[in-house]
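Shown next, in structure tokens, is the structure this report addresses.
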Amino acid sequence: MEVDKVLLQRARAGDRDAFAELVEPHRRELQVHCYRMLGSLQDAEDALQETLLSAWIGLDGFEGRSSIRTWLYRIATNRCLNVLRSSSRRPVAATPFPVTPPPEPSRLGEVPWLQPYPDLLLDGLPDDDPGPEARYESREAISLAFVTAVQLLPPNQRAVLLLRDVLGYRAREAAEILGLTEPAVNSALKRARTTMDAQSTGRPTRGPEDPDLVERFVAAFTAQDVDALLALMTDDVWVRMPPLPFEYGGTEAVHRFFTVLAGHRREIARMVPVGANRQPAWGEYIRDPVTGTLHIVGVLVIGFTGTRIHELTHFETTLAPYFGLPRTLD
């Protein structure tokens with residue numbers, strides 16, 4: 001008898017250890033899938049826990065016509081769709097902008113719930129290679145630019161795009177997972193691809209082509225040297241600060257943003273490197289003028305195009321624990 005069948009029998013009999021052994025190999029990739037669907041690490045965690053609970057409760061309904069992995073993806077995808085279709089998403093609260101009024105933004109962002117994904121949670125994924133139908137490489141499909149663009153798709157198109165072009169499921173398999181017809185899947189995929197192609201996502205490379213770029217960025221950022229920062233950026237660079245809606249695009253708007261901000265904030269005393277979405281990231285710390293203690297003020301993630309920075313995203317301190325960043329440093 002196959003090992004999976006033995007484990008399945010034991011799990012159906014109420015053996016939680018057997019159930020854990022069945023689902024554990026898929027836990028991390030399911031969480032990444034939920035993150036791509038929802039754009040939020042915290043929402044992805046919740047969706048994953050609901051998926052595993054639903055799988056445990058509904059184990060008798062697993063008929064073995066697909067793999068355990070595909071069955072779990074079916075549950076996870078539909079859990080995420082329920083979240084997207086509801087009006088009860090996690091409320092988004094933001095720390096007020098440090099300057100009143102803030103610099104005039106280029107636009108207001110449509111994805112205030114966006115959060116970064118720690119590289120630590122991407123390590124050890126069981127299979128980093130997408131299926132034969134996939135159009136996106138695994139690294140590209142976890143970048144902030146890609147995840148942000150996906151959030152602008154309607155729920156069904158989002159699910160179809162991820163199942164087909166990221167995970168590589170065939171149209172028939174995606175239709176079974178979503179409870180749709182193949183023509184409906186193909187139509188949704190066509191519309192999703194058109195929207196994604198129209199998005200100016202500025203897809204990041206595998207890393208900066210100039211190995212000194214990161215060091216020059218850290219030096220300029222901590223010194224609040226606006227001109228040095230702009231010299232490292234593309235002409236169409238974007239600065240974002242979710243959950244604050246203000247977004248600044250292009251060198252003129254970004255120069256105005258950093259110039260105003262530099263006059264109202266204390267100098268960044270230390271940047272602790274971490275990894276997010278397979279992109280360089282840091283915890284930002286400022287020094288308390290009385291105690292000398294360093295306090296975290298945010299998590300910063302940058303994206304590249306060739307030898308220049310095309311995207312800079314600042315996130316709030318609530319996510320620091322996920323990156324192993326303490327709130328204070330001596």
Side-chain angles (χ1 to χ4, degrees), residues 31-48 80-81 83-97 102 105-122 136 139-155 157-159 161-162 166 192 195-196 198-204 236-249 254 257 274-284 296-304 309-323 325:
Q31 186 171 0
V32 172
H33 177 61
C34 292
Y35 170 70
R36 289 182 177 123
M37 283 285 295
L38 302 174
S40 161
L41 173 59
Q42 292 166 315
D43 286 346
E45 278 195 333
D46 291 345
L48 174 63
C80 291
L81 287 172
V83 173
L84 293 172
R85 290 165 179 160
S86 74
S87 58
S88 59
R89 289 203 73 174
R90 185 189 304 274
V92 178
T95 301
F97 196 86
S106 303
R107 68 185 184 193
L108 297 181
E110 299 180 60
V111 193
W113 58 85
L114 182 71
Q115 295 178 336
Y117 199 87
D119 283 358
L120 289 172
L121 298 181
L122 296 171
Y136 295 97
R139 189 185 189 96
E140 178 183 356
I142 197 60
S143 71
L144 275 179
F146 178 84
V147 173
T148 303
V150 167
Q151 303 310 299
L152 302 178
L153 296 174
Q157 291 183 33
R158 190 180 310 188
L161 181 92
L162 293 177
V166 174
T195 301
M196 292 292 287
Q199 291 293 325
S200 178
T201 58
R203 293 171 183 170
D236 59 350
V237 64
W238 280 95
V239 173
R240 302 180 175 91
M241 302 167 291
L244 285 171
F246 312 119
E247 296 187 351
Y248 298 86
V254 170
F257 167 81
V274 291
N277 300 75
R278 301 296 192 204
Q279 298 170 223
W282 297 266
E284 305 170 64
I296 193 166
V297 292
V299 177
L300 188 70
V301 185
I302 59 176
F304 298 96
I309 295 168
H310 74 84
E311 184 180 60
L312 189 154
T313 311
H314 170 91
F315 297 95
E316 296 196 326
T317 59
T318 53
L319 294 167
Y322 292 98
F323 292 87
L325 292 167

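Residue indices begin at 1 and follow the sequence shown.
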May I ask you to test the Leu41-Leu121 pair for a side-chain heavy-atom distance under 4.5 Å? yes
Derivation and outcome, side chain to side chain contact (heavy atoms under 4.5 Å, CB included), residues Tyr322 and Val274: CA-CA 11 Å; Tyr322 292 98; Val274 291; over 6 Å; no
Which heavy-atom pair separates Ser106 from Gly249 by the least distance, and what is that distance? OG-N, 2.9 Å
Are the side chains of Pro102 and Tyr248 in contact, using a 4.5 Å heavy-atom criterion? yes
Exam field: side chain Arg240 to backbone Thr313, donor-acceptor pair closer than 3.5 Å: no
Taking the side chain from Asn277 and the backbone from Pro118, do they hold a donor-acceptor pair closer than 3.5 Å? no
Whether Arg36 side chain and Val147 backbone form a donor-acceptor pair below 3.5 Å: no
Please tell me whether Ser40 and Gln115 have a donor and an acceptor in their side chains that are separated by less than 3.5 angstrom. yes
With side chains defined as the heavy atoms from C-beta onward, is the minimum distance between Met37 and Leu81 less than 4.5 Å? yes
Check the pair Thr317, Glu284 against side chain to side chain contact (heavy atoms under 4.5 Å, CB included), reporting the backbone distance first and the verdict last. CA-CA 9 Å; Thr317 59; Glu284 305 170 64; over 6 Å; no
Taking all non-hydrogen atoms of both residues, which atom of Phe146 and which atom of Ala141 are closest, and how far apart? CD2-O, 3.2 Å
With heavy-atom distances below 4.5 Å as the criterion, would you say the side chains of Gln42 and Trp113 are in contact? no
Side-chain heavy-atom pair Gln279, Ile302 within 4.5 angstrom cut-off: no
Between CZ on residue Arg107 and CD on residue Glu247, distance to nearest 0.5 Å: 4.5 Å
Kindly indicate, with the supporting measurements, whether the criterion side chain to side chain contact (heavy atoms under 4.5 Å, CB included) is fulfilled by Phe304 and Ile309. CA-CA 4 Å; Phe304 298 96; Ile309 295 168; 3.9 Å; yes
When you look at Val166 and Leu161, which way does the side chain to side chain contact (heavy atoms under 4.5 Å, CB included) test go after all the steps? CA-CA 7 Å; Val166 174; Leu161 181 92; 5.5 Å; no
